[in-house]
*Asks:* 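Shown below is the structure under consideration.
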Amino acid sequence: MRDIDLMVELLERMNSKPDGQILLLRHFNMSEEESKKYHNAELLSDAGLAIWKSDSAIRISNDGYDFLNAVKQEHPKYIDKAKELLGQGKTLLAVAKDIISIVNALAS
């Protein structure tokens, strides 16, 4: 299941690292929480917001930085908007682009 709050948390963790990477190990006895993190990291990758560098290392992408910067402008407001758009059936990639566009339009 998509969890936008967890996705933003994962992007923030990547953003905090000098190389933009975090380790997420997939293993046989993963807890439910570990599985959820790994799955949401896969979704970030599917949307182009993060890139797998190996089986266990994922890094934030340029689009991931843009999305993270956009939602950090007014985090709760934009996270709520992202949840609303995902609930309407939009893809994560489309939602990320919409949020980035909204923030950029307001900044101009």
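Only a predicted model underlies this, so the values are computations on that prediction, with no experimental measurement involved. Residue numbers count from 1 along this sequence.
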*Asks:* Could you tell me whether the side chain of N15 and the main chain of L11 form a donor-acceptor pair under 3.5 Å?
*Replies:* no
*Asks:* Looking at every non-hydrogen atom in both residues, tell me the closest pair between W52 and A41 and how far apart they are.
*Replies:*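 Closest pair (atom of W52, atom of A41, distance): CZ2-CB, 3.9 Å.
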*Asks:* Under the salt bridge (Lys or Arg N to Asp or Glu O under 4.0 Å) test, which residues partner E34, sequence neighbours left out?
*Replies:*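 Salt bridge (Lys or Arg N to Asp or Glu O under 4.0 Å) check on E34 returns nothing, list empty.
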*Asks:* To the nearest 0.5 Å, what is the distance between CD (Q21) and NZ (K53)?
*Replies:* 6.5 Å
*Asks:* Hey, what do you get for CE (M7) to CG (L44), rounding to the nearest 0.5 Å?
*Replies:*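 These two atoms lie 6.0 Å from each other.
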*Asks:* Enter the distance from N69:CG to I100:CD1 here, rounded to the nearest 0.5 Å.
*Replies:*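 Going from CG on N69 over to CD1 on I100, the span is 9.0 Å.
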*Asks:* Measure the spacing between CZ of R59 and OG of S54 and express it to the nearest 0.5 Å.
*Replies:* 12.5 Å
*Asks:* Using 0.5 Å steps for rounding, measure from the CD1 atom of I60 to the CZ atom of F67.
*Replies:*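 Rounded to the nearest 0.5 Å, the CD1-CZ separation comes out at 10.0 Å.
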*Asks:* Any chain of hydrophobic side-chain contacts (each under 4.5 Å) joining I99 to L106?
*Replies:* yes
*Asks:* Could you note down all residue pairs passing side chain to side chain donor-acceptor pair (under 3.5 Å) where residues 88-106 supplies at least one of them, sequence neighbours left out?
*Replies:*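 Only E84-Q88, K90-D98 qualify under side chain to side chain donor-acceptor pair (under 3.5 Å).
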*Asks:* Any heavy-atom pair between the side chains of R2 and H39 that's under 4.5 Å?
*Replies:*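 Not in contact.
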*Asks:* Do the non-hydrogen side-chain atoms of I51 and I58 ever get within less than 4.5 Å of each other?
*Replies:* no
*Asks:* Membership question, hydrophobic clusters at under 4.5 Å side-chain separation (ILVMFWY): are V8 and M1 in the same one?
*Replies:*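 Looking at the clustering, V8 is in a separate group from M1.
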*Asks:* What I'd like to find out is whether the side chain of L10 reaches to under 4.5 Å of the side chain of M14, using heavy atoms alone.
*Replies:*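 SC-SC contact between L10 and M14 confirmed.
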*Asks:* Quick one: do L43 and L25 end up in the same hydrophobic cluster if we chain Ile, Leu, Val, Met, Phe, Trp and Tyr together by side-chain heavy atoms under 4.5 Å apart?
*Replies:* no
*Asks:* Quick test of your reading: applying salt bridge (Lys or Arg N to Asp or Glu O under 4.0 Å), list the pairs with at least one residue in residues 14-26, sequence neighbours left out, ordered by first then second residue.
*Replies:*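 Residue pairs passing salt bridge (Lys or Arg N to Asp or Glu O under 4.0 Å), neighbours aside: R26-E42.
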*Asks:* Do the side chains of K81 and V95 get nearer than 4.5 Å, heavy atoms only?
*Replies:*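 The answer is no, as the side chains (C-beta and beyond) never meet within the 4.5 Å cut-off.
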*Asks:* Taking side-chain contact (heavy atoms from CB on, under 4.5 Å) as the definition, give me every residue that meets it alongside A47, ordered by chain and number, with sequence neighbours left out.
*Replies:*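 side-chain contact (heavy atoms from CB on, under 4.5 Å) list for A47, sorted by chain: L49, L92, L93.
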*Asks:* With sequence neighbours excluded, tell me which residues meet salt bridge (Lys or Arg N to Asp or Glu O under 4.0 Å) with E33.
*Replies:*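 With sequence neighbours excluded, E33 shows a salt bridge (Lys or Arg N to Asp or Glu O under 4.0 Å) to K37, given in chain and number order.
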*Asks:* Looking at S61 and G48, would you say the former's side chain and the latter's main chain have a donor-acceptor pair under 3.5 Å?
*Replies:*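 Looks like yes, one N/O pair under 3.5 Å.
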*Asks:* Can you list the residues that meet the side-chain contact (heavy atoms from CB on, under 4.5 Å) rule with S35, with sequence neighbours excluded?
*Replies:* M30
*Asks:* Working to the nearest 0.5 angstrom, can you tell me the gap between H27 NE2 and D55 CG?
*Replies:* 13.5 Å
*Asks:* Taking N40 for its side chain and D3 for its backbone only, find out whether a donor-acceptor pair lies under 3.5 Å.
*Replies:*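 Side chain of N40 to backbone of D3, a donor-acceptor pair under 3.5 Å: yes, one is there.
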